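Atoms within a ligand are numbered from 1 in the order they appear, just like the ligands themselves. Computed from a predicted structure; not experimentally measured.
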Amino acid sequence: MMTNSIFLFIGNHLTLDFINTKMVDLNGDLELLPDFDHLLNWFVKGNVLNIKEARIIYKRWHNKPEAKDAIQLALEFRNILFHLVKRITDKNNIQTTAIKEINRVLLQENEYSYLNYTQNKFCLITKLKIVKPVHLLVPLAQQAADLLCNIRFSQIKKCENPKCVLYFYDNSKNGKRRWCRMDSCGNRQKASNYYKKHISKS
Ligand SMILES: [Zn+2]
């Protein structure tokens, strides 16, 4: 399993981080999830699976049809989520087909629980049972449900840098976050605004 993939987790919500794995910009597409290995790595980096769970799935499905199915299903689902989020930021109505797709995945929920004893107390831990590829979509569907149920749509934003395509959840106190990252898009935009202001004055 690869461990050196580079992912961005700037979305402040897993659904947005997931759609940000396809970075379509003016220079073309950049696919951060080209294969099953990258997908599993992304799940680990996003704290959906721990490394042990990911390795078990990798060993079981690597070089098997399941690996192909898993990445294909994940990319199709990402496309659905991307259009859903885009409709939210474009202030369009949400399509019922997207909701149906999320519900279809939620139907596949396959969880198990176990008691864990640490620090002198018991707690019940619930885990996803990943038996077939579609089960990998379940945490993504759960997160999409969280986005729709618990977050105000006005807080879901696309980076204001016109050359940037990243989405994020703005939970800042004043709700004025405008850029995916201050150090890249924010600064560039600030610099360009400053420049424009001063050029127009002179
Ligand atoms: Zn940006």
- Excluding waters, how many protein N/O/S atoms sit closer than 2.8 Å to the Zn ion (ligand 1)? 4
- Query: Asp170 and Asn12: side-chain donor and acceptor closer than 3.5 Å?
  - Reply: no
- Partners meeting side-chain contact (heavy atoms from CB on, under 4.5 Å) with Val48 (sequence neighbours left out): Leu14, Phe43, Pro139
- Parallel, tilted or perpendicular: which fits the ring planes of Trp61 and Phe36, with parallel below 30° and perpendicular above 60°? tilted
- Between Arg78 and Lys22, is any pair of side-chain heavy atoms under 4.5 Å apart? yes
- Query: Members other than Leu107 in its cluster, when Ile, Leu, Val, Met, Phe, Trp, Tyr link by side-chain heavy atoms under 4.5 Å?
  - Reply: none
- With ILVMFWY side chains joined below 4.5 Å, transitively, what does Phe168's cluster contain besides itself? none
